[in-house]
2 protein chains.
Amino acid sequence: MTDNLAGTIHKIRSASRSLIRELGFLNKTIAGTGLPGSYVHAIVEIGTTGELTARELSEKLLLEKSTISRLVRSLIEREEISENRSLVDARQKNLRLTQKGQQTLTKINLYAASQVREAISPLSLNKQQEILTGLTDYCLALKNSRQKNSPSAPTRITENLPRIRTGYLPGIIGGITSLHAGYYSRLVGFSDTFETAVADGLARFVPRLDRKQNEIWSLEHRDKFLGSIAIDGEDLGENIAHLRWFIVDKELHGSGLGKKLLQGALQFCDGQNFRETHLWTFKGLDVARKLYEENGFSLVEEYKGTQWGKQMIEQKFVRPLPLKGDV
Amino acid sequence: MTDNLAGTIHKIRSASRSLIRELGFLNKTIAGTGLPGSYVHAIVEIGTTGELTARELSEKLLLEKSTISRLVRSLIEREEISENRSLVDARQKNLRLTQKGQQTLTKINLYAASQVREAISPLSLNKQQEILTGLTDYCLALKNSRQKNSPSAPTRITENLPRIRTGYLPGIIGGITSLHAGYYSRLVGFSDTFETAVADGLARFVPRLDRKQNEIWSLEHRDKFLGSIAIDGEDLGENIAHLRWFIVDKELHGSGLGKKLLQGALQFCDGQNFRETHLWTFKGLDVARKLYEENGFSLVEEYKGTQWGKQMIEQKFVRPLPLKGDV
DNA sequence: AGAATATAGTTGTATCAAGCAACCATATTG
DNA sequence: CAATATGGTTGCTTGATACAACTATATTCT
């Protein structure tokens with residue numbers, strides 16, 4: 001059994017070595033591309049993701065950031081990729097393939113795919129599947145084991161996850177507006193009336209962000225807005241907070257980020273000592289309702305509304321300021 | 001189906017990329033060893049083979065010979081390997097691990113094996129086996145496809161196979177003698193008497209190699225003698241060739257090299273116009289007997305002999321010069 | 001036996017990927 | 001506002017890879 005494991009390990013290692021060589025990773029450039037292995041990986045990665053930052057690339061390729069920095073510059077000089085300083089975080093730059101880079105990626109794909117195809121197509125479907133599961137399982141196992149073994153460099157929790165930002169960010173009004181429009185048009189067929197209202201509301205709200213009773217949080221990732229929540233501490237008056245523009249991109253549902261947004265906003269409300277927090281929503285958004293109720297809101301009112309070009313049942317939730325010392 | 005293949009290809013590529021990165025082949029040195037990937041491969045290869053030439057290393061690692069040359073030098077300077085100019089082919093040098101190199105290999109093995117072990121040991125035996133077969137099949141497929149696609153650089157037929165050499169080579173007497181001694185002591189318990197006779201015979205024969213009626217062929221690989229055959233055109237007189245010291249290392253049985261040796265020698269005999277070729281052997285060596293008979297020999301005599309410290313039945317075979325025009 | 005060719009390995013030369021450390025600019029935290 | 005963290009760049013060094021031209025030895029051909 002132990003011997004068996006040792007034998008398996010030995011054979012796996014031997015096969016890995018062979019694989020490395022066959023794929024050309026001891027060579028200066030990968031055959032068929034004229035590019036070094038790391039460049040090919042970078043192009044493929046950027047291409048399939050659409051947009052990446054240097055840091056993300058560094059994490060994916062497991063290469064030093066200085067190495068990545070130069071790799072990126074070289075690719076820019078070759079006009080394979082372009083960089084755009086992020087609007088919302090001036091430190092980072094978003095990388096994407098240029099037209100030429102797209103073509104290069106296509107060439108790489110053609111070459112690599114045909115290499116793989118020629119290799120595996122003579123094999124039975126069964127064998128092919130075995131190869132695939134074997135490889136993926138092995139990679140996964142290696143990755144898991146690496147992450148378990150380097151507590152010094154743990155997986156970044158933020159890796160590939162949007163960050164929660166506060167305050168105004170360039171593009172935030174447009175971003176949140178289109179998020180709402182896309183979400184609700186798909187869900188219930190809202191159209192321009194609704195989107196206009198969102199844009200208008202935000203446009204009136206954002207200039208008031210400098211007052212301490214107002215705040216906005218957004219989920220941002222690579223200049224894309226994937227979620228938001230805001231506390232308008234003025235429009236309702238009477239020391240009541242108005243929770244507005246709470247939305248999370250469908251892709252992030254279930255990620256826990258929505259709850260984080262909501263709880264951050266409520267913490268803010270409590271810090272500001274608002275007597276109550278009110279919010280308006282629609283009947284049918286069951287997941288959201290559950291979230292509200294878990295966090296101290298109760299449904300207080302329900303009525304038909306037609307203002308968005310559709311007949312909807314609107315709902316109003318209210319949450320009182322928790323007693324001090326409460327959990 | 002086609003789509004399925006494309007999907008499989010895509011996933012395989014993605015897994016390969018991940019594998020490359022996890023194993024550190026985009027990095028300057030492999031973690032845990034401090035050595036570049038190519039060095040690690042070289043050490044493992046030399047270590048597991050025991051002895052290699054630079055050319056063989058180049059073929060295995062798929063690297064340029066100049067690259068290998070420098071890699072080898074660097075490893076020699078680090079005292080990881082040693083080189084010995086081959087005694088039988090002054091162009092090539094045999095590379096082997098030094099004491100220090102052995103230790104390095106051990107370290108590499110420990111590191112790599114534990115990396116693999118930690119990765120796969122949480123998995124079921126079944127999964128482990130899947131990984132193994134997947135990897136090996138894939139490597140094999142890639143290799144096959146590469147070789148099919150580069151008729152310009154076909155697999156060397158001589159790759160890792162001994163070459164047939166003619167004439168004297170340093171170490172040939174000792175090499176052939178020990179080959180005989182090892183083979184026959186294991187087979188039938190011959191001992192010193194026999195080995196002495198072989199050595200003595202060779203010692204008397206080799207100096208006569210400069211005469212055109214004598215010749216010796218040997219199978220040589222990395223300074224090891226793995227087979228031999230000789231034609232003594234003088235000792236029997238009467239224009240009769242004496243076929244002597246025909247032996248092939250057990251490892252090479254079935255490789256076709258024995259037949260090649262024999263036919264080369266017989267071609268030589270025919271070229272020299274010997275009237276007959278005689279040889280003495282023992283009863284029981286059935287494979288050899290078949291080979292003799294396939295090539296024109298017939299058994300002409302059989303008698304008991306005790307000269308080698310064992311009672312054996314000796315046999316004499318004779319082959320006449322084929323008629324001209326014969327096939 | 002001698003000429004032509006092939007093979008093993010080295011060396012000149014050039015390129016450039018990788019990593020470390022120190023740095024700058026921007027963001028976040030407290 | 002100060003301290004710290006983060007994304008990215010730059011100076012510096014190392015050294016792996018490849019191509020081409022070369023030397024020395026082996027093999028093949030006639």
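Computed from a prediction, not measured in an experiment: that's the story for all the values here. Quick note on labels: first sequence line is chain A, next is B, and so on, each numbered from 1.
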Taking the six-membered ring for Trp, are F25(A) and H41(B) ring centroids under 6.0 Å apart?
-> no
Would you find more than 12 non-hydrogen atoms of other residues, nucleotides or ligands less than 6.0 Å from E79(A) atom CD?
-> no
Determine whether more than 12 heavy atoms belonging to other residues, nucleotides or ligands lie under 6.0 Å from atom NZ of K259(B).
-> no
Would you say the side-chain atoms of N109(A) and R13(B) include a donor-acceptor pair closer than 3.5 Å?
-> yes
According to a strict under-4.0 Å criterion, is [X] in side-chain N/O contact with OP1 or OP2 of [N]?
X	N	value
R163(B)	dA26(D)	no
K93(A)	dT9(D)	yes
R165(B)	dT27(D)	yes
T67(A)	dA17(C)	no
R91(B)	dA26(D)	no

When N27(A) and N94(A) are each assigned the nearest nucleotide of DNA chain D, the 5'-most assignment goes to N94(A)
From dA18(C), dT9(D), dC19(D), nucleotide with atom closest to S66(B) side chain = dC19(D)
Just compare dT10(C), dT15(C), dT10(D) and give me whichever is closest to any side-chain atom of K28(A).
-> dT15(C)
What integer distance in Å separates [X]:[atom1] from [N]:[atom2]?
X	N	atom1	atom2	result
E59(B)	dT7(C)	CD	P	11 Å
D223(A)	dT26(C)	CG	C1'	15 Å
Q92(B)	dT10(C)	CD	P	12 Å
R55(B)	dG9(C)	CZ	C1'	12 Å
I68(B)	dT17(D)	CD1	P	8 Å
R85(B)	dG9(C)	CZ	C1'	8 Å
D89(B)	dA6(C)	CG	P	17 Å
E220(A)	dT6(D)	CD	P	16 Å

Give one of base, sugar-phosphate or nothing for [X], where a contact means two heavy atoms less than 4.0 Å apart.
X	value
S38(A)	sugar-phosphate
T53(B)	sugar-phosphate
R70(B)	base

Whether F268(A) and W217(A) hold their rings parallel, tilted or perpendicular, with breakpoints at 30° and 60° = perpendicular
Identify, between S74(A) and R73(B), the residue whose nearest nucleotide on DNA chain C lies closer to the 5' end.
-> R73(B)
